[in-house]
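Quick note: numbers below take in every heavy atom, side chains included, and nothing from hydrogens, waters or symmetry partners. In what follows, chains carry the letters A, B, and so on, assigned in the order in which the sequence lines appear, proteins first and then strands, with residues in each chain numbered from 1.
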Amino acid sequence: MADNVKPRVRVPRDATAGEEITIKTLISHPMESGQRKDGDGNVIPRSIINRFTCTFNGETVIDVTLEPAISTNPYFEFQAIVPETGTFEFTWYDDDGAVYTDSKEITVG
Amino acid sequence: MKLTRRHTLMMAFGSAVAAIMPFKAFAAVEDEIQAFTGGAEMGSEGITLIAPEIAENGNTVPIEVNAPGAEAIIVFAAGNPTPAVATFNFGPLAADQFASTRIRLAGTQDVVAIARMSDGSFVQARQEVKVTIGGCGG
Amino acid sequence: MKTVFKGGVTAVALFAAYAVQADQEANLVINEDIEITVRADAPEHLENLSTIYSGWVFRSSETQALQMDDFENPGMIFVDDAIEAWNTVEGSEGESCASCHGAPEELAGVRAVYPKWNDEAEEVRTIAMQVNDCRTSQMGAEEWKYDGGDMINMEALIASVSRGMTVNVATDGPAQSMWEKGRDIYYTRFGQLDLSCANCHEDNYDNNIRADHLSQGQINGFPTYRLKNAKLNGVHSRFRGCIRDTRAETYGVGTEEFIALELYVASRGNGLSVEGPSVRN
């Protein structure tokens, strides 16, 4: 597991039914591309977040495949519909098998 | 312009690279595009790709893609050693088929975004991003 | 923006006129809340400049945008790490930063006046020196490496709570001799390229050095997250990079020379706002 991986997400606390909201996510991760060499000329093995998903009450908002060309500390911004009160689940999948998650509740008033 | 030894060397190097690189890079990205579209014809309406004309550093280049009604948008950096950048698959709760992220570009090149629409058709947008090298440190 | 040419630069071919891509008239407001002064009248001691500019002004609009919202500023990831360190008890005395200082916000204003003369120690101290003094004499903990990750992260946290406050380091009194030493270094040509700090950052700011838009080399935004290395960078490491690129042997981080230079360069930004952690290329 890469060191110090910490997900951050920004979701509004409340919305009206059916409202379109903007979600931003950022996770600290080196996204080692597999293209770089160390001081001795050996290739540093690839180690990236390769998939990111966001669901709301179990239904998919976005499902992203990441390649090594995504920058260090991957950032995503996208838009979701909020049909009802519920929970956004965010999941990042690491090459090394680690899975990082975060969740945010949103209230429809 | 007065030709110095350095200029001549750079020009020679430049043309050598021009002779080899674009073909290789082009072939790689065309293969991957083929894999995504199955060789379908692509329109250019209904998709937008926003990227800076000049990126200050190729490590972190902000891009935005938007294709109303798309099922998925795939992004390529045509001149990267591996051209694939990301695939955004939109679920039923995506409000727009829009996404923004930050990408790595190995040098000046085209960024390509291709959307697969819900009727099975494909549209693409392309934009060249010039990547500047740094100051004295490079 | 006006460029003042003063003094002959031998390597004049390095610099070229700049095709404007940055929005140099833009103003910086962070989180739609913290107003940052990015251009100000030069402090009186600066004879060769009339206006001082934050390095933010010289960056492209995409890079500028990264600093306008803490969520989008990758430097804030490291501030989060420092908040954890702030609350962590370390060393033989059972203390954390928080047990003496309370919330990090209690240190608001500190970044604006450092480096600063310390009466007890009878020396000019940078924030890094002060942090290490706290760690060894108050906490009974090990010193942090001067420009290592833990230290830079903590400096970023300490800077972040002063954002928007006006840089105002003292150049007189007991600090004066260090300040003068720093000024001398600033105007001394170094390396095979025979360049002083002033040759680039005073004589040629707003020009291009190769593809890079030269700033005034202000340090009000440090620590700074650089797109180039995707991490926070400290002032002394940045000095080293600059001097190395003149093809000189550089001073080390934490040396008296760099402390003096930091004090002097900080004073060149008296009137700008504290911005760290900033985002640069």
Side-chain angles (χ1 to χ4, degrees), chain A residues 10-12 15-27 29-37 43 46 48-84 86-89 91 106, chain B residues 25 28-29 32 35-36 50-52 55-68 70-107 109-114 116 129 131:
Chain A
R10 183 189 277 178
V11 178
T16 55
E19 189 178 339
E20 300 182 359
I21 59 159
T22 297
I23 295 177
K24 295 179 179 185
T25 70
L26 184 72
I27 187 164
H29 194 283
M31 293 293 282
E32 190 57 58
S33 69
Q35 300 282 342
R36 301 198 310 160
K37 289 179 179 169
V43 172
R46 167 183 144 155
I48 69 167
I49 302 273
N50 58 51
R51 185 179 174 209
F52 163 71
T53 63
C54 169
T55 61
F56 180 76
N57 289 352
E59 261 202 291
T60 301
V61 177
I62 198 167
D63 184 337
V64 186
T65 306
L66 290 76
E67 306 289 346
I70 294 292
S71 303
T72 306
N73 306 327
Y75 169 88
F76 292 112
E77 181 182 332
F78 50 93
Q79 281 158 331
I81 301 168
V82 187
E84 71 240 349
T87 308
F88 282 102
E89 299 279 354
T91 313
I106 189 166
Chain B
V29 75
E32 295 200 30
F36 184 70
I50 299 176
E56 236 167 359
N57 192 294
N59 265 344
T60 311
V61 182
I63 62 154
E64 243 180 70
V65 290
N66 194 359
E71 287 177 346
I73 303 176
I74 192 164
V75 178
F76 296 106
N80 274 3
T82 48
V85 172
T87 309
F88 301 97
N89 297 289
F90 299 100
L93 289 184
D96 288 307
Q97 286 67 47
F98 157 90
S100 163
T101 189
R102 300 165 185 167
I103 70 171
R104 293 167 170 158
L105 297 177
Q109 58 182 287
D110 278 356
V111 175
V112 184
I114 300 172
R116 186 178 67 237
V129 178
V131 175

Query raised in the report: Between atom OG1 of B/T87 and atom CD of A/E67, what is the distance when rounded to the nearest 0.5 Å?
Result: 6.5 Å

Query raised in the report: Taking side chain as C-beta onward, heavy atoms only, is A/Q35 less than 4.5 Å from B/T82?
Result: yes

Requested in this report: Check for a donor-acceptor pair, side chain of B/T101 on one end and backbone N or O of A/F76 on the other, with a separation under 3.5 Å.
Outcome: no

Query raised in the report: Side-chain contact, heavy-atom cut-off 4.5 Å: A/Y75 with B/P62?
Result: no

Report task. Mind checking the CZ-CG spacing from B/F88 to A/D63? Nearest 0.5 Å is all I need. Result -> 11.5 Å

Query raised in the report: Backbone N or O of B/I103 within a donor-acceptor pair of the A/S71 side chain at under 3.5 Å?
Result: yes

Query raised in the report: Counting heavy-atom pairs under 4.5 Å to chain A, which of B/P81, B/A72, B/A77 comes out on top?
Result: B/P81

Query raised in the report: For A/T72, is it the side chain, the backbone, both or neither that has a heavy atom under 4.5 Å from a heavy atom of chain B?
Result: both

Query raised in the report: Can you say whether A/P83 sits under 4.5 Å from chain B via the side chain, the backbone, both, or neither, judging by heavy atoms?
Result: side chain

Report task. Flag the pair A/I62 / B/N89 as yes when at least one side-chain heavy-atom distance between them is below 4.5 Å, and no otherwise. Result -> no

Requested in this report: Name, in order of residue number, those residues of residues 15-24 of chain A that have a heavy atom at a distance of less than 4.5 Å from a heavy atom in chain B; otherwise write 'none'.
Outcome: A/E20

**Report entry** Full working for side chain to side chain contact (heavy atoms under 4.5 Å, CB included) between B/R104 and A/M31
**Finding:** CA-CA 11 Å; B/R104 293 167 170 158; A/M31 293 293 282; 3.6 Å; yes

Query - Closest contact, heavy atoms only, B/A84 versus A/A69 - result: O-CB, 3.9 Å

Report summary line: Under a 4.5 Å heavy-atom criterion, the part of residues 48-60 of chain A in contact with chain B comprises A/F56, A/E59, A/T60

Report summary line: Whatever's closer than 4.5 Å to a heavy atom in chain A on B/D96 counts as both

Report summary line: Output for pair (A/N73 CG, B/R102 CZ), nearest 0.5 Å, gives 8.5 Å

Query raised in the report: How far apart are the closest heavy atoms of B/F98 and A/Q79, and which atoms are they?
Result: CD2-OE1, 3.7 Å

